[in-house]
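Here is the structure we will look at.
What you see is a predicted model; the values in this text were computed from it and never measured. This chain uses plain numbering: 1 for the first residue, then up along the sequence.
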Amino acid sequence: MTEPMNTRLPVPLVLCAWGACLLGACTSEQVIHANVPAATMAQQAPAEQRLLDVAIAVFDPGLSGEEKTDGDSESYSQIREAEARYLAYTLRKTLEGTGQWGVVRLTPHEDRSVDLLVNAAIVESSGSELVLDVRVSDAAGRTWFSRRYSALASKYAYSDEHFSQKEPFQAVYTGVANDMLAAREKFASKELAAIRDVAELRFAADLVPAAIGDYLVEDSVAAYSVNSLPAADDPMLLRVRRIRQRDFMLLDALDAYYARFYRDMKPAYREWLKSSFEETIELKKLQRSARNRMGMGAAAMVAGVAGGVRSDSTAAQAVSVATAGGGAAVFASGIKKYDQSKIHLDALRELNDSF
């Protein structure tokens, strides 16, 4: 009686085949397309009682103390500091473009006496990824939301047709804009008017705290509400409004400065993003390939040695030696891939310095 053929491969050969499959797979490139939502545009001018003025504070660049003082990362820190203004102004343009808000300004610091304040911190920013932590709060001390927004760029985002018209990470800005609008729609017009009243009284309280008296109430958790309003012709209120208008003029002058900064930085920054994206993609591909090769090479070497120890067959030992040798070659190619990745690291450093 003929015995059935044994189709099982020796363990070392199975590992080698598995490693070859993984190494083949790691040469393919995953392309992730950023899903860019459409910003909700105002079809007609919103009713005046639903308009709120918005202040966007310059973003926190997200740098640690070591990164700020480390000479090796000086270029990186300077880029982050510049991005803190550029990205904030990009959000400002997005909000203003929707037509859903009153005056939208970029400010150098938090302004608690404005109707609505947007704070954000940069978690990650490169040509391939943008991550922001965003918090939106109103003058009454309520946090509308605090969320993390992220987007991955693709090659399509940097194609000539797309890149000339849109920001690679527009999904982040429109996401924030749409969430802010959705949060505002939960408030009645009377509640929005109360926010504007609180903002005005908080500004007045910073100037003449004693004159505000019982008009403004602050509770134990720093939430504000209006107890009563001064008369429309109150001399103190009229003086405060004149001062506030001059304060707005100063903020408008600063906003114009940020607009010039944005326009001057835009061409170089977008080219830096595109080049950074290309170098980062190549760097990640090489590092991923190196990790896979070194892991599979080490596994094959261990399997080859173990197979040779367990086997008494000359043929099996020859296979084990060949497997271990092949594993060593694959491991060495992984080290070579890591060495190749240093070229792209150096290129990224040069890009940062030149930018």
Can you measure from CG (L132) to OG (S150) and round to the nearest 0.5 angstrom?
9.0 Å
OG1-CG distance between T94 and N178, expressed to the nearest 0.5 angstrom
10.0 Å
Tightest non-hydrogen contact, residues G99 and A42, listed as O-CB, 3.5 Å
Members besides V114 in its Ile/Leu/Val/Met/Phe/Trp/Tyr cluster (side-chain heavy atoms under 4.5 Å):
L117
Looking only at heavy atoms, the pair that brings P108 and V58 closest together is CA-CG2, 4.0 Å
Which heavy atom in A39 sits nearest to a heavy atom in T98, and how many Å separate them?
CB-CG2, 4.1 Å
Nearest heavy-atom approach of A120 to V134 is CB-CG2, 4.0 Å
Find the distance between OG (S126) and CD1 (I79) and round it off to the nearest 0.5 Å.
11.5 Å
In chain order, what residues pass the side chain to side chain contact (heavy atoms under 4.5 Å, CB included) check against A183, with sequence neighbours excluded?
W144, F145
If I take atom CG from residue L192 and atom CG from residue L116, how far apart are they, to the nearest 0.5 angstrom?
9.5 Å
Would you indicate whether the side-chain heavy atoms of P230 and L201 approach each other to under 4.5 Å?
yes
Looking just at side-chain N and O atoms, do R135 and T143 make a donor-acceptor pair shorter than 3.5 Å?
yes
Can you list the steps and then say if F169 with L87 is a side-chain contact (heavy atoms from CB on, under 4.5 Å)?
CA-CA 10 Å; F169 304 107; L87 302 182; over 6 Å; no
If you define the side chain from C-beta out and look only at heavy atoms, does anything of P235 sit under 4.5 Å from R239?
yes
Criterion side-chain contact (heavy atoms from CB on, under 4.5 Å) on R85 and Y258, from CA distance to verdict:
CA-CA 7 Å; R85 294 158 177 77; Y258 288 124; 4.1 Å; yes
Could you give all pairs that pass the ring-ring contact (aromatic ring centres under 6.0 Å, His included) test and reach residues 79-113, with sequence neighbours left out?
Y86-Y262, Y86-Y269, Y89-Y262
Are L181 and V103 connected in a single hydrophobic cluster, I mean Ile/Leu/Val/Met/Phe/Trp/Tyr linked by side-chain heavy atoms less than 4.5 Å apart?
no
Run the side-chain contact (heavy atoms from CB on, under 4.5 Å) test on L130 and Y149 for me, step by step, so that the C-alpha distance in whole Å, both residues' side-chain angles and the decisive distance to 0.1 Å come before the verdict.
CA-CA 8 Å; L130 176 63; Y149 294 84; over 6 Å; no
Would you indicate whether the side-chain heavy atoms of L254 and T107 approach each other to under 4.5 Å?
no
Would a hydrophobic clustering, with Ile, Leu, Val, Met, Phe, Trp and Tyr connected at side-chain separations under 4.5 Å, put I243 with L237?
no
Please enumerate all residues that pass ring pair (Phe, Tyr, Trp, His ring centres under 6.0 Å) together with Y215, with sequence neighbours excluded.
none
Selection residues 113-125 - residue pairs positive for salt bridge (Lys or Arg N to Asp or Glu O under 4.0 Å), sequence neighbours left out
none
Please find the pair of heavy atoms, one from I195 and one from D138, that lie closest to each other, and give the distance.
CD1-OD2, 3.5 Å
Distance-minimising heavy-atom pair for R80 and G62:
NH1-O, 3.7 Å
Treat each ILVMFWY residue as a node, draw an edge where side-chain heavy atoms are under 4.5 Å apart, and state whether V176 and V131 are in one component.
no
Give a yes or no on whether L207 and V226 share a hydrophobic cluster (residues Ile, Leu, Val, Met, Phe, Trp, Tyr; joining criterion: side-chain heavy atoms under 4.5 Å apart).
yes
To the closest 0.5 Å, what do you measure between CZ (R241) and CG (D234)?
9.5 Å
The criterion is side chain to side chain contact (heavy atoms under 4.5 Å, CB included); which residues satisfy it with A193, sequence neighbours excluded?
R196
Joint hydrophobic cluster, L229 plus M236, side-chain heavy atoms closer than 4.5 Å
yes
I'd like to check the salt bridge (charged side-chain N to carboxylate O under 4.0 Å, His left out) partners of D179; sequence neighbours left out, ordered by chain and number.
R147
What pairs meet the ring-ring contact (aromatic ring centres under 6.0 Å, His included) rule with one or both residues in residues 228-256, with sequence neighbours excluded?
none
Inter-residue atom distance E110.CD - N119.CG, 0.5 Å rounding:
4.0 Å
Take L63 and I122, measure what side-chain contact (heavy atoms from CB on, under 4.5 Å) needs, and give me the verdict at the end.
CA-CA 9 Å; L63 297 171; I122 303 173; over 6 Å; no
Can you list everything that forms a side chain to side chain contact (heavy atoms under 4.5 Å, CB included) with D247? Sequence neighbours excluded, please.
F203, L251
By side chain to side chain contact (heavy atoms under 4.5 Å, CB included), which residues pair with S189, not counting sequence neighbours?
Q49, R50
Indicate yes or no: at least one non-hydrogen side-chain atom of V172 is less than 4.5 angstrom from one of E167.
no
Pairing residues for R105 by the salt bridge (charged side-chain N to carboxylate O under 4.0 Å, His left out) criterion, not counting sequence neighbours:
D252
Is the count of non-hydrogen atoms from other residues, nucleotides or ligands lying under 6.0 Å from E185 atom CD greater than 12?
yes
Residues clustering with L51 (ILVMFWY side chains joined when closer than 4.5 Å, directly or via others):
none
Look at the side chain of R184 and the backbone N and O of Q100, then say whether any donor-acceptor pair between them is shorter than 3.5 Å.
yes
